[in-house]
Amino acid sequence: MLQVNRGVERSDEPGGLMVAVQNGDEDAFRLLTRRLYGPAIGIATKVLGDRSEAEDAVQAALVKLWRQAASFDAGKAKVETWFRRIVVNACIDRKRSLKPVQPLELVAERASDDPDPEALAGQSARSRRIAEAMAHLPARQRTAIALFYGEGATMNEIAEALETTPKAVEGLLARARVELAERLRPLAEEVM
Amino acid sequence: MERGRVIEIIEAYGGSPAAWPEDERAAAERLAMSDSALIAMMNDARSVDRLLRDWACELVPVTDADADAAAERALGEAYRSGAPRRWWMRAAFGGAIAASLAIGAVLLSRPDAVPGPAPVAQPKVQVALGDLSGEDAQAAHDMLVWGNVFTPTPEEEMVL
């Protein structure tokens, strides 16, 4: 779909919006933010374990997107991939500046018409235990897990987001899984 | 394929062959299925996979209003700390610096920029302004003394 803004046609696809952003189009930036914000908050919340911290990190990433728009090269990466890398970096920077381990708030919110409150309570307790176990992992391991299981990202994509090699990502995932398997053993036995 | 590599794959990618690297999947699966210890390892890994998938796929609710508010805050913050850096802005910035230096050099090197009758009472730079008068002299004085042709942001100061 094309929109006309100040006499210039632009596509509503992220790539087209990004071109407009590179030309200083604030409306395009707002539309692009709508596209990118949800997934970005999802990843940031997983990495940081706290919604408000995640909002701050994504905010910093959006400022960077606007200010460094000129450095985006559509030939090298999709806007979503490029922005994901900015978000991940913002999260890891933020994590470094935070206390090493913080108690995690449960971030999941269920629809109010959830049919089974008992199941919901059980699910929430399980989510909390997983979140607590995840809180012990370094930010890069959490990021790798969030991208691999949450986004279905490949090793190459995760490596790009973390600015490392696919082999190193395998190592991150393996160490994370060993640590989590130990911490989540009782839960894992329940779901077997 | 070595057995050790299959173990590495299970440890990194989990217990589901569908998640394993495409180019190694068939060989790794063949080897894993012929080894009871590896089958047990895959089963254990699958239960951890399920927990991790639940965690990673948990929805974090976001509305368009959240996104709109974030966009406004980001634009505000970006403008407070400096406008977007596009190539023509960089060029203009460089041009402004060059022009400032050139003006300063010309003013300071003018042969008729001789001190007036009371040179001691005036600042050194004011003396160099020669026959500029009124607002021109004041502006040039400000530029040379305070460098306030523009106010650089912290990032611009790094460039300087």
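As a basis for the values below, the full set of heavy atoms in this structure was taken, side chains included, without hydrogen atoms, waters or symmetry mates. Order of the sequence lines fixes the chain letters, A, B, ..., with proteins taken first and strands second; residue numbering starts at 1 for each chain.
- Residue B:Cys57 comes nearest to A:Gly150 through the heavy atom pair SG-CA, 4.1 Å, listed as atom of the first residue, atom of the second, then distance.
- Separation of atoms CG (A:Leu31) and CG (B:Asp64) is listed at 10.0 Å; rounding is to 0.5 Å.
- Clustering ILVMFWY residues whenever any of their side-chain heavy atoms sit less than 4.5 angstrom apart, transitively, puts A:Val63 in a cluster other than the one holding A:Val21.
- The part of B:Ile10 that comes within reach of chain A is its backbone (N, CA, C, O), which places non-hydrogen atoms under 4.5 angstrom from that chain.
- In the hydrophobic clustering of this structure, B:Tyr79 groups with A:Phe29; members are Ile, Leu, Val, Met, Phe, Trp, Tyr whose side-chain heavy atoms approach within less than 4.5 Å, directly or through other members.
- Taking A:Leu36, A:Ile145, A:Leu32 one by one and counting their heavy-atom pairs under 4.5 Å with chain B, the maximum is reached by A:Ile145.
- Linking Ile, Leu, Val, Met, Phe, Trp and Tyr residues whenever their side-chain heavy atoms come within less than 4.5 Å leaves A:Val178 and A:Ile130 in two separate clusters.
- Remark: A:Thr33 OG1 to B:Arg73 CZ distance equals 10.5 Å, nearest 0.5 Å.
- Side-chain atoms of A:Arg177 never come within 3.5 Å of backbone atoms of B:Val48 as a donor-acceptor pair (strictly under, hydrogens ignored).
- Residues A:Leu62 and B:Ala70 approach most closely at CD1-CB, 3.9 Å, considering heavy atoms.
- For the pair B:Arg5 and A:Glu170, the salt-bridge criterion is met [side-chain N within less than 4.0 Å of a carboxylate O].
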(request) Could you walk me through whether A:Lys64 and B:Glu77 pass the salt bridge (Lys or Arg N to Asp or Glu O under 4.0 Å) test, one step at a time? (result) CA-CA 10 Å; A:Lys64 220 168 206 179; B:Glu77 197 178 322; over 6 Å; no

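- The CD atom of B:Glu22 lies 11.0 Å from the OG1 atom of A:Thr154; values are rounded to the nearest 0.5 Å.
- Interatomic distance, CD1 of A:Ile41 versus CG of B:Asp66, reported as 7.5 Å (0.5 Å rounding).
- Among B:Ala74, B:Pro21, B:Ala19, the residue with the largest count of heavy-atom pairs under 4.5 Å with chain A is B:Ala74.
- Both A:Trp82 and A:Leu17 are assigned to one and the same hydrophobic cluster, defined by single-linkage of ILVMFWY side chains at heavy-atom distances under 4.5 Å.
- Side chains of A:Tyr149 and B:Asp49: a donor-acceptor N/O pair is present below 3.5 angstrom, by distance only.
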(request) Could you please spell out the steps behind the salt bridge (Lys or Arg N to Asp or Glu O under 4.0 Å) verdict for A:Arg30 and B:Glu72? (result) CA-CA 8 Å; A:Arg30 292 183 182 98; B:Glu72 295 310 321; 2.3 Å; yes

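- Here the shortest heavy-atom pairing between A:Trp66 and B:Ala78 reads CD1-CB, 3.3 Å.
- Taken together through direct or relayed side-chain contacts under 4.5 Å among Ile, Leu, Val, Met, Phe, Trp and Tyr, B:Met41 and B:Met33 form part of one hydrophobic cluster.
- If you measure heavy-atom distances from A:Leu180 to chain B, the contacts under 4.5 Å come from the side chain alone.
- Between B:Ala12 and A:Leu173 the shortest heavy-atom distance is O-CB, 3.4 Å.
- Look at B:Asp68 and A:Arg34 and you find a salt bridge, because one of the NZ, NE, NH1 or NH2 atoms lies within 4.0 Å of a carboxylate O, short of that distance.
- Chosen from A:Ala174, A:Ala176, A:Ala61, the residue pairing most often with chain B at heavy-atom distances under 4.5 Å is A:Ala174.
- You'll find the side chain of B:Leu51 reaches within 4.5 Å of the side chain of A:Arg126, heavy atoms only.
- Counting heavy atoms from C-beta outward, A:Arg185 and B:Ser47 have side chains that stay 4.5 Å or more apart.
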(request) Give the C-alpha distance, both sets of side-chain angles, the deciding distance and a yes or no for side-chain contact (heavy atoms from CB on, under 4.5 Å) between A:Lys46 and B:Glu58. (result) CA-CA 9 Å; A:Lys46 300 291 185 304; B:Glu58 204 160 42; 4.3 Å; yes

